[in-house]
Structures are given as structure tokens and as C-alpha cells.
**Student:** 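Before I ask anything, let me first share the structure, which is written out below as C-alpha cells.
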Amino acid sequence: MPAKIIDGKAIAERLREDVKKTVSERESKGLPIPGLATVIIGDNPASKVYVRMKHKACQEAGILSIGHNLPADTSQAEVEALIKTLNNDPKIHGILVQLPLPAGLDEEQVLNAIQLKKDVDGFHPINIGRLAQKGREPLFVPATPSGVMYLLEDSGVELDGANAVVLGRSNIVGMPVSLLLVKENATVTICHSHTDDIPEITRQADVLIASVGRPEFVRGDWIKPGATVIDVGVNRVEDATRKRGYRLVGDVAYDEALEVAGAITPVPGGVGPMTIAMLLRNTLRAARLADGKDVG
Ligand code: NAP
């Protein structure tokens, strides 16, 4: 039986509608509209596309979004000065600095400059540190990893005691998603470019998260029958049959995986839309924190 397809697009639309409804309820109660400031430094085309998508999603949800585009040669002090201004701006509840930064800027120092309660991307060292500690909770969880966790929960996947394998250990996906899985009592194995015999490890996985950035890296025979597969990868592969000359594929060979897995996310339409939805939820959460609400 082919795998159940986890429809991230539909789930994300539902979440975005919920955010929109709450934002409009806030407005009718006279509470401030949530505000997100985005900061792009340099001319990375992918960053521009991602930020444009985030702005559009904010607009649709009734969230105020203000973009700051700085040239690639902006100094560390200038970036930190902008963040300080945004930290002090009461209309701005969340600050997102689009990564990666141009060479020469200190990413950790930039993220450290963001006020903790405005860290809607969840990459502030204290938020990440809390994610790694037992009994502590971050104020915000990074959007892509929390989108992955939402999809697992929504699909009714049992994580307690499950064998979870995460392919990739990046700061933005692999590592935080591994920490979140541990918090849910899964037994987690993290694989990376120095790991021997990855297929042997993935075949033990009840839950497999792929975030390596390699097109169709995971083959069907790497997957344990019935496993849940979450494909975070977004890769362009040449395709002359498409008008734009390429198509997007994930880190998993989807057609092969469909025959073996119990459930799987498609690319596109899986994790990608969830990332945006989770950012909107985090921005709303930041506005509620600013109201002085215990947001749990
Ligand atoms: P990244 O920072 O490039 O990290 C890739 C990870 O994969 C690293 O840990 C690397 O190992 C590991 N890796 C690379 N090649 C490998 C190989 N041949 N065997 C084993 N491990 C290997 O990537 P990322 O930021 O996590 O992104 C991964 C993918 O997810 C990309 O396609 C990206 O576009 C996509 N993505 C999607 C979303 C979304 O919203 N859908 C969000 C973020 C990222 P080392 O640590 O040893 O180098």
C-alpha cells in the first residue's frame, strides 16, 4: 500500500487561518497588531525569495511586516545598531535576520543582539541552549524544526520510545529537530557527512528526517517499511520539460519511498509551507508576550 501523504500545505493553510483569526480578534479588542521586522544583508537571491514569501504571508494574516535591506558591506556595528533600534520599537514584536550572513559578519553576535522575547526565529544562543537542556523551554522554537514536529504530531506519530534518525546536523534544521525529538522521548541518531553506512542506520528508523540538501539522497531501500519520512530538503534539478528549466525535489527519492514508507511529506508541499506558518505563529506569540500574557 503506498504511503500516506502528509499534506503540509493544507495543514499550514489551516494554521495560517488560525493566526489570521487571532490577529483580527486582537484588533477588535484594541490590542496591537503583531509586527515582524526582517533584515536581509547582501544580495543572496534565495534569501530575497524567502523573505518575500514571509512578507506576503504576514500581509495575508494581517501581521505588520517591515523589511530592512542592507548592503553586503554593512559593518557588524551597523547591523547591531539596527537590531538595537528594532529591539526598542514597540510596533515590532519579532525580529528575523535572514541567514546566511555575508562573510565578515559574526552570526553569533548578530543573533545575540536580538532581544530574547523578539527572537521569533529561535536562533538566539539562549533559546537554542534552552532547547538542549532538560526541563528548560526556549521562548521560541525555530520555524522549520517546529514545523516538522507539528507534522509528526498532527499525523499521530508515536515518538515516545521510537527510533528517530536525523540526516543532517545544521544549526537551523538537523540539530534543533534532533533536540526536539529527544524532548519527545525518541531515541535519536544524527547522521552527517562523516557517518559510515547511512543506509544501515536509516533502515532502523521508525521516523526519518532528511535535511542534507542532496537531491533524492535517500533511496527507497534505505527506509524501514511503514516508517514516517519527513523530507526537509529543497533542491533544484535541471528539467528541460519545465518552462523555468528546473524542478524542485527533496532529499528523498519520493516515488521509491512512497512504496515503502507508512507516511511521507512531498516536496514541494510538505515542510516548506509549515516553516512560514510557524514563523507567523511565533510572531503572534511574540505579540502576546509583549502584552504580558503567559503564552505557555
Ligand atoms: P546544511 O546547513 O547544508 O547542512 C547539511 C547537513 O547535511 C550537514 O550536517 C552535512 O553534514 C549533512 N550532509 C551533507 N552531505 C551529506 C552526505 N553526503 N552524507 C551525509 N550527510 C551529509 O543544510 P540545511 O540548512 O540543514 O538544509 C538542508 C536542506 O533543507 C536544503 O535542501 C535546504 O534547502 C532545505 N531547507 C528547507 C527548509 C524548508 O523550510 N523546507 C528550511 C531550511 C532548509 P556535515 O555537518 O558533516 O557537513
Side-chain angles (χ1 to χ4, degrees), residues 6-13 15-16 38 44-57 96-101 103 107-108 111 120-123 128 131 140-152 164-181 188-203 205 208-219 222-223 229-237 246-254 264-282:
I6 301 175
D7 187 349
K9 189 161 177 259
I11 297 168
E13 268 165 25
L15 294 178
R16 284 169 65 162
T38 59
N44 184 325
S47 292
K48 287 187 172 170
V49 172
Y50 291 140
V51 169
R52 212 177 307 132
M53 282 161 67
K54 290 169 186 174
H55 277 274
K56 187 164 170 275
L96 180 155
V97 178
Q98 188 67 36
L99 302 176
L101 298 178
E107 180 185 299
E108 190 180 354
L111 297 174
V120 287
D121 242 354
F123 294 139
I128 289 291
L131 198 62
F140 299 97
V141 176
T144 303
S146 66
V148 168
M149 297 306 287
Y150 194 98
L151 290 178
L152 290 171
V165 172
V166 179
L167 301 181
R169 56 175 167 179
S170 69
N171 288 344
I172 63 167
V173 188
M175 193 52 75
V177 98
S178 303
L179 297 170
L180 287 164
L181 288 164
V188 181
T189 307
I190 304 172
C191 300
H192 44 75
S193 65
H194 297 246
T195 306
D196 276 340
D197 203 352
I198 292 180
E200 195 47 41
I201 298 170
T202 56
R203 281 187 201 115
L208 176 59
I209 316 288
S211 185
V212 285
R214 307 252 176 246
E216 302 183 330
F217 181 74
V218 177
R219 310 310 307 189
W222 296 23
I223 297 169
V229 179
I230 306 288
D231 189 352
V232 183
V234 182
N235 309 289
R236 280 184 184 192
V237 294
Y246 68 87
R247 68 195 151 87
L248 295 179
V249 299
D251 288 348
V252 178
Y254 184 73
I264 185 166
T265 57
V267 177
V271 176
M274 291 301 291
T275 297
I276 305 244
M278 291 324 223
L279 171 68
L280 299 185
R281 275 163 66 106
N282 277 355

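Fair warning: this is a prediction, and the values are worked out from it, not measured in the lab. Note that ligands are numbered from 1 as they come in the structure, with each ligand's atoms numbered from 1 the same way.
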**Student:** Does Leu167 reach ligand 1, in the sense of a heavy atom lying below 4.0 Å from it?
**Tutor:** no
**Student:** Identify the heavy atoms of Val212 and Gly168 that sit nearest to each other, and give their distance.
**Tutor:** CG1-N, 4.1 Å
**Student:** Are any side-chain N or O atoms of Asp251 and backbone N or O atoms of Asp231, one a donor and one an acceptor, separated by less than 3.5 Å?
**Tutor:** no
**Student:** In the protein, what heavy atom is nearest to atom 5 (C) of ligand 1, and what distance, to one decimal place, separates them?
**Tutor:** Val212 O, 3.6 Å
**Student:** Go through ligand 1 atom by atom and flag the ones less than 4.0 Å from a non-hydrogen atom of Gly168.
**Tutor:** 6 (C), 7 (O), 9 (O)
**Student:** Give the single entry among Ile172, Leu99, Asn235, Val232 that approaches atom 38 (C) of ligand 1 most closely by any heavy atom.
**Tutor:** Val232
**Student:** Heavy-atom distance under 4.5 Å between the side chains of Leu208 and Ile223, does that happen here?
**Tutor:** yes
**Student:** Only heavy atoms of Gly272, strictly under 4.0 Å: list the atoms of ligand 1 that pass.
**Tutor:** 40 (O), 41 (N)
**Student:** To which protein heavy atom is atom 9 (O) of ligand 1 closest, and what is the distance rounded to 0.1 Å?
**Tutor:** Arg169 N, 2.8 Å
**Student:** Atoms of ligand 1 less than 4.0 Å from Thr144 heavy atoms?
**Tutor:** 40 (O), 42 (C)
**Student:** In the protein, which heavy atom is nearest to atom 44 (C) of ligand 1, and how far is it?
**Tutor:** Val173 CG2, 3.9 Å
**Student:** For ligand 1, does Ile198 get within less than 4.0 Å through its side chain, its backbone, both, or neither, judged by non-hydrogen atoms?
**Tutor:** side chain
**Student:** Just so I know, are the side chains of Pro142 and Ile128 near enough to count as touching, which here means a heavy-atom distance under 4.5 Å?
**Tutor:** yes
**Student:** Could you tell me if the side chain of Glu13 sits less than 4.5 Å from the side chain of Lys9, heavy atoms only?
**Tutor:** yes
**Student:** As an exercise, state the distance from OG1 of Thr144 to CD1 of Ile172, rounded to the nearest 0.5 Å.
**Tutor:** 6.0 Å
**Student:** Please report which non-hydrogen protein atom sits nearest to atom 39 (C) of ligand 1, along with the residue it belongs to and the distance in Å to one decimal place.
**Tutor:** Thr275 OG1, 3.7 Å
**Student:** Applying ring-ring contact (aromatic ring centres under 6.0 Å, His included), name anything that partners Phe217, two or more places apart in sequence or on another chain.
**Tutor:** Trp222
**Student:** Evaluate Ser170 for polar contact with ligand 1, using N/O atom pairs at a separation under 3.5 Å.
**Tutor:** yes
**Student:** Suppose we measure from atom 28 (C) of ligand 1 to each protein heavy atom; which comes out shortest, and what is that distance?
**Tutor:** Ser211 OG, 3.2 Å
**Student:** Do Arg281 and Met278 have side chains that approach each other closer than 4.5 Å (heavy atoms only, starting at C-beta)?
**Tutor:** yes
**Student:** Hey, looking at atom 20 (C) of ligand 1, which of Arg236, Met274, His192, Met278 has the closest heavy atom?
**Tutor:** His192
**Student:** For atom 34 (O) of ligand 1, what is the closest protein heavy atom, and at what distance to 0.1 Å?
**Tutor:** Val234 O, 3.4 Å
**Student:** Counting heavy atoms only, name the option from Gly233, Pro273, Ser193 that's nearest to atom 10 (C) of ligand 1.
**Tutor:** Ser193
**Student:** Considering non-hydrogen atoms only, spot the tightest contact between Thr202 and Pro199 and give its length.
**Tutor:** OG1-O, 3.0 Å
**Student:** Check for a donor-acceptor pair, side chain of Asn235 on one end and backbone N or O of Gly250 on the other, with a separation under 3.5 Å.
**Tutor:** yes
**Student:** Which protein non-hydrogen atom lies closest to atom 31 (C) of ligand 1, naming both residue and atom, and how far is it?
**Tutor:** Gly213 CA, 3.6 Å
**Student:** Please state whether Gly174 comes within less than 4.0 angstrom of ligand 1, counting heavy atoms only.
**Tutor:** no
**Student:** What part of Arg214, side chain, backbone, both or neither, has a heavy atom within less than 4.0 angstrom of ligand 1?
**Tutor:** side chain
**Student:** Determine whether any heavy atom of Thr195 lies closer than 4.0 Å to an atom of ligand 1.
**Tutor:** no
**Student:** Is the shortest distance from atom 3 (O) of ligand 1 to a protein heavy atom below 4.0 Å?
**Tutor:** no
**Student:** Given side chains that start at C-beta, do those of Pro176 and Val141 come closer than 4.5 Å, heavy atoms only?
**Tutor:** no
**Student:** Got more than 12 heavy atoms from elsewhere within 6.0 Å of CZ, Arg236?
**Tutor:** no
**Student:** Among protein heavy atoms, which lies nearest atom 18 (N) of ligand 1, and at what distance?
**Tutor:** Phe217 CE1, 3.5 Å
**Student:** Would you check if Thr275 and Tyr50 make a side-chain contact, meaning some heavy-atom pair closer than 4.5 Å?
**Tutor:** no
